[in-house]
Amino acid sequence: MKNNIHFEHTNLGSVRIDPVPGAYAIEPMSDSYGRRINYLRISLTDACNLRCVYCMPEDMNFRPRHELMTDEELLLLVKVGASLGVNKVRLTGGEPTIRPNVVEIVREIARTPGIKDLAMTTNGLLLPKLAKPLAEAGLKRVNISIDTLDAEKFHRITRWGHIADLWRGIRAAEEAGLTPVKLNAVVVRNFNDGADMVELARLTLENDWDVRFIEMMPFGEITDFQQTNVVTYKEMRAQIESAFGPLEEASYDFVDPSRPFRIPGAMGTLGFISSVTEPFCQGCGRVRLTADGKLRLCLLRDDEVDLLTPLRAGASFEELRILMREGSFHKPWGHDLAHGLVAEKRSMNQIGG
Ligand code: SAM
Ligand code: SF4
């Protein structure tokens, strides 16, 4: 096995990379509940060019570079996943577009044997520069976060973002063919619920976009704020229906956490991601790779398998496969927020939403 692997010298010393692609037959992995695990969400960095109030504290400290996976390590772990049946990858963060070499990383993942779908969740600010090169490198779609159309509120919720930059990013994504564009809004009570949601929903009348409203989830140090200000799926839906009348159900992809609806006659769709009050664990085939190389088994639980430490200690490709497969097998069924169990070790930007 080790003959398939070569070593490269980086600022971190000698890092073993690149087992010959295709050298391993794809052996799909499942968890102990029989869910097929085929979707890897990768946090390219925990750092961000914004500080959204629901995501991280303002004085957030980011991890030093040496604790994060290098490009080579990340790409090796993607190959490990692909050899275990991972065929969908989403790049997230932190803000994935601020990772150096993001275009090259996309290009390499897109050409990894077995990877069929490659998407990104981004705040969109750097898309005017990056949308085209990312699309050319093999990125297929983007989800862009936008919590309100009100410029002053946008600035407040992101702590320093300018909504004009975001609009330029959305247009750039469309022009580059990173479609269908999905827009994500985390709904925070007394902040962007009510009228702000209605205006976001109105965008779907004349745009073929999917606007998704997300229940705020509790993580890390800011759980009091998150739990006090969560707006439930039922409340969100009632607020939208009070403006537009009953929503029509749109066709439902069982594996998508978003339940899709349509305002009658609208071009685009609306979705609700009810992770807190009505979780969708049954169809969850996701695991996450944090920027510091931990396989996170459920967004809302602290269970993780360290892959980076063994990798740096010289674990073989086969040993890494065993770690990933066995870790994934122990993926918990779902969260237990109803009994007060909150994932505390990391904030959202450190996990990759
Ligand atoms: N920076 C990128 C962005 O904002 O789209 C990607 C990373 S961000 C952590 C991924 C997604 O998580 C975004 O849609 C964001 O709105 C969402 N998010 C952040 N904190 C959240 C929370 N506490 N509950 C629910 N969603 C959250
Ligand atoms: Fe940054 Fe995204 Fe978190 Fe906002 S939600 S602070 S853009 S990582």
Side-chain angles (χ1 to χ4, degrees), residues 41-63 90-99 102 119-127 130 139 141-148 154-163 165-166 169-170 173 178 181-189 191-193 196 200 210-233 236 257-258 271-277 279-280 286 288-291 296 299-300 335 337 342-344 346-353:
R41 290 192 175 216
I42 305 173
S43 173
L44 293 187
T45 172
D46 59 337
C48 189
N49 45 2
L50 294 178
R51 295 286 183 281
C52 302
V53 295
Y54 47 71
C55 180
M56 59 168 100
E58 187 164 13
D59 56 353
M60 185 79 201
N61 287 321
F62 300 116
R63 283 177 197 277
R90 176 170 293 274
L91 302 175
T92 176
E95 177 45 43
T97 57
I98 68 171
R99 166 112 185 187
V102 64
M120 179 180 281
T121 301
T122 167
N123 62 30
L125 300 187
L126 297 181
L127 287 180
L130 285 173
L139 189 70
R141 281 168 291 104
V142 283
N143 289 11
I144 301 177
S145 296
I146 176 169
D147 303 312
T148 172
F154 181 81
H155 188 71
R156 233 183 322 144
I157 208 163
T158 58
R159 292 202 179 96
W160 56 63
H162 297 287
I163 200 161
D165 297 335
L166 176 60
I170 293 174
L178 294 171
V181 170
K182 295 187 180 181
L183 301 180
N184 288 345
V186 177
V187 181
V188 183
R189 187 172 301 286
F191 196 84
N192 64 341
D193 55 343
D196 293 82
L200 283 165
D210 182 16
V211 175
R212 297 130 53 96
F213 298 103
I214 306 175
E215 284 180 345
M216 184 164 49
M217 293 175 263
F219 297 96
E221 293 171 35
I222 52 174
T223 52
D224 284 352
F225 170 82
Q226 291 156 326
Q227 289 185 306
T228 312
N229 295 295
V230 64
V231 181
T232 65
Y233 152 62
M236 296 182 203
S258 173
F272 298 95
I273 303 186
S274 56
S275 330
V276 177
T277 60
F280 33 82
R286 296 174 203 91
R288 292 173 162 78
L289 190 57
T290 64
R296 173 117 177 165
L299 177 61
L300 285 155
H335 71 66
L337 294 176
V342 172
E344 286 173 342
R346 293 174 186 267
S347 50
M348 186 63 147
N349 65 302
Q350 295 171 328
I351 302 168

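The figures that follow rest on heavy atoms only: side chains count, while hydrogens, waters and symmetry mates do not. Both counts, for ligands and for their atoms, begin at 1 and track the order of listing.
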Report task. Could you tell me which residues satisfy salt bridge (Lys or Arg N to Asp or Glu O under 4.0 Å) with R90, sequence neighbours excluded, listed by chain and number? Result ->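 Partners of R90 by the salt bridge (Lys or Arg N to Asp or Glu O under 4.0 Å) criterion come out as none, since no residue qualifies.
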Query raised in the report: With sequence neighbours excluded, what pairs up with D196 under the salt bridge (Lys or Arg N to Asp or Glu O under 4.0 Å) test?
Result: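 Testing D196 for salt bridge (Lys or Arg N to Asp or Glu O under 4.0 Å), a comparison that skips the adjacent residues, returns K153.
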Query raised in the report: Only one of L178, L139, I42 clears side-chain contact (heavy atoms from CB on, under 4.5 Å) with M120; which?
Result: L139
Report summary line: Which of I170, I144, L166 passes side-chain contact (heavy atoms from CB on, under 4.5 Å) with L127? Answer is I144
Requested in this report: Please test R63 against Q350 for side chain to side chain contact (heavy atoms under 4.5 Å, CB included), starting from the C-alpha separation and ending with a verdict.
Outcome: CA-CA 9 Å; R63 283 177 197 277; Q350 295 171 328; 4.2 Å; yes
Report task. Apply side chain to side chain contact (heavy atoms under 4.5 Å, CB included) to Y54 and D147, showing your working. Result -> CA-CA 11 Å; Y54 47 71; D147 303 312; 2.6 Å; yes
Report task. Grab the two heavy atoms, one from T97 and one from V102, that are nearest each other, plus how far apart they are. Result ->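 Smallest heavy-atom distance, with atoms named: O-CG1, 4.1 Å.
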Query raised in the report: Looking at side-chain heavy atoms only, is the closest gap between M348 and L299 below 4.5 Å?
Result: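 SC-SC contact between M348 and L299 confirmed.
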Query raised in the report: Hey, are the side chains of L200 and F213 touching, using non-hydrogen atoms and a 4.5 Å cut-off?
Result: yes
Starting from the N and O atoms of ligand 1, collect every protein N/O partner closer than 3.5 Å and put each pair on its own line with the distance to 0.1 Å.
| unit_1 | atom_1 | unit_2 | atom_2 | d |
| --- | --- | --- | --- | --- |
| ligand 1 | 1 (N) | G94 | O | 3.0 |
| ligand 1 | 1 (N) | E95 | OE1 | 3.0 |
| ligand 1 | 4 (O) | S145 | OG | 3.2 |
| ligand 1 | 5 (O) | T122 | O | 3.2 |
| ligand 1 | 5 (O) | S145 | OG | 2.6 |
| ligand 1 | 14 (O) | S145 | OG | 3.1 |
| ligand 1 | 14 (O) | N184 | ND2 | 3.2 |
| ligand 1 | 23 (N) | Y54 | O | 2.9 |
| ligand 1 | 23 (N) | M217 | O | 2.9 |
| ligand 1 | 23 (N) | Q226 | NE2 | 3.3 |
| ligand 1 | 24 (N) | M217 | N | 2.8 |

Report summary line: Report for atom 3 (Fe) of ligand 2, protein N, O or S closer than 2.8 Å, by chain and number, lists C55 SG
